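Keep in mind it's a predicted model, so treat the numbers as computed, not measured.
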Amino acid sequence: QVQLVESGGGLVQAGGSLRLSCAASGSIFSINAMGWYRQAPGKQRQLVATITKDGSTNYGDSVKGRFTISRDNAKNMVYLQMNSLKPEDTAVYYCNAQTRYTLYNYWGQGTQVTVSS
């Protein structure tokens, strides 16, 4: 079992910045990849960014050049630095962790990010 807890969401103005954090606990040894996904009202959950244990990253097209994902393996944490925020970035952001071998996905409760114009 893995537990994920997000923090850092809130209300920001367009053009501003926000930093999200996710702390993992439980069966930490089983985690390989971690990442961030988001879901706006009435829309499907969308990939934001992922990072593997060895540091390989992947970004959704809509956030490339604006968001940066990072990971601290020693602290079992993953971060998302969001710059140049747009109103269309408004969504609930979910932390994700994927286990080795079985590729089972765990999800956090989500944190609300609202960008005003």
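Under the 4.5 Å side-chain heavy-atom criterion for Ile, Leu, Val, Met, Phe, Trp and Tyr, Val12 and Phe67 are members of the same hydrophobic cluster. Leu11 and Val92 are not part of a single hydrophobic cluster, where members link through side-chain heavy atoms under 4.5 Å apart. Under the 4.5 Å side-chain contact rule for hydrophobic residues, Ile28 and Met77 do not share a cluster.
A side-chain donor-acceptor contact under 3.5 Å links Gln81 and Asn83. Side-chain contact annotation: Thr90 with Glu88, donor-acceptor N/O pair under 3.5 Å absent. For the residue pair Ser27 and Ser30, no side-chain donor N or O sits within less than 3.5 Å of a side-chain acceptor on the partner. A donor atom on one side chain and an acceptor atom on the other are not found under 3.5 Å apart for Asp54 and Ser56. There is no side-chain donor-acceptor pair under 3.5 Å between Arg38 and Thr111.
Taken to the nearest 0.5 Å, the CG atom of Leu47 stands 13.0 Å off from the CH2 atom of Trp36. Rounding to the nearest 0.5 Å places CG of Asn105 at 7.5 Å from OG1 of Thr99. The distance from the CZ atom of Arg71 to the CD1 atom of Ile31 is 7.0 Å, given to the nearest 0.5 Å. For the atom pair Asn96 CG and Thr50 OG1, the distance stands at 8.5 Å (nearest 0.5 Å).
Taking the side-chain hydrogen bond (donor to acceptor under 3.5 Å, both in side chains) definition, one finds that Lys75 meets it with nothing, sequence neighbours left out. Scanning for side-chain hydrogen bond (donor to acceptor under 3.5 Å, both in side chains) contacts around Ser70 gives an empty result, with sequence neighbours left out. Judged as a side-chain contact (heavy atoms from CB on, under 4.5 Å), and not counting sequence neighbours, the contacts of Gln39 are Arg45, Tyr94.
Side-chain atoms of Leu80 and Val48, non-hydrogen and from C-beta on, do get closer than 4.5 Å to each other. Proximity of Arg100 to Lys53: side-chain heavy atoms (C-beta onward) are nowhere separated by under 4.5 Å. Using a 4.5 Å heavy-atom cutoff, the side chains of Gln112 and Tyr93 are not in contact. The side-chain heavy atoms of Ser117 and Lys86, taken from C-beta on, include no pair separated by under 4.5 Å. Val115 places none of its side-chain heavy atoms less than 4.5 Å from the side chain of Gln13. Side-chain contact between Cys95 and Met34 is present, with heavy atoms from C-beta onward closer than 4.5 Å. Looking at Gln3 and Tyr106, their side chains never come closer than 4.5 Å, going by heavy atoms from C-beta outward. The closest side-chain heavy-atom distance from Val78 to Ile51 is below 4.5 Å.
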task = Apply ring pair (Phe, Tyr, Trp, His ring centres under 6.0 Å) to the pair Tyr37 and Trp107, showing each step before the final yes or no.
result = CA-CA 10 Å; Tyr37 294 74; Trp107 297 93; 5.2 Å; yes
task = Could you go through the side-chain contact (heavy atoms from CB on, under 4.5 Å) check for Val113 and Leu18 one step at a time?
result = CA-CA 9 Å; Val113 172; Leu18 202 61; 4.0 Å; yes
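For the pair Ser17 and Ser84, the tightest heavy-atom approach, listed with the atom from each and the gap, is OG-N, 4.4 Å. Nearest approach of Leu4 to Val2, heavy atoms of both residues: CD2-CG1, 4.0 Å.
With hydrogens and angles ignored, the 3.5 Å screen pairs a side-chain donor or acceptor of Glu6 with a backbone N or O of Gly110. At distances below 3.5 Å, not a single donor-acceptor pair connects side-chain atoms of Arg19 with backbone N or O atoms of Tyr79.
For Asp61 and Lys64, the salt-bridge test passes: some basic side-chain N is under 4.0 Å from an acidic carboxylate O.
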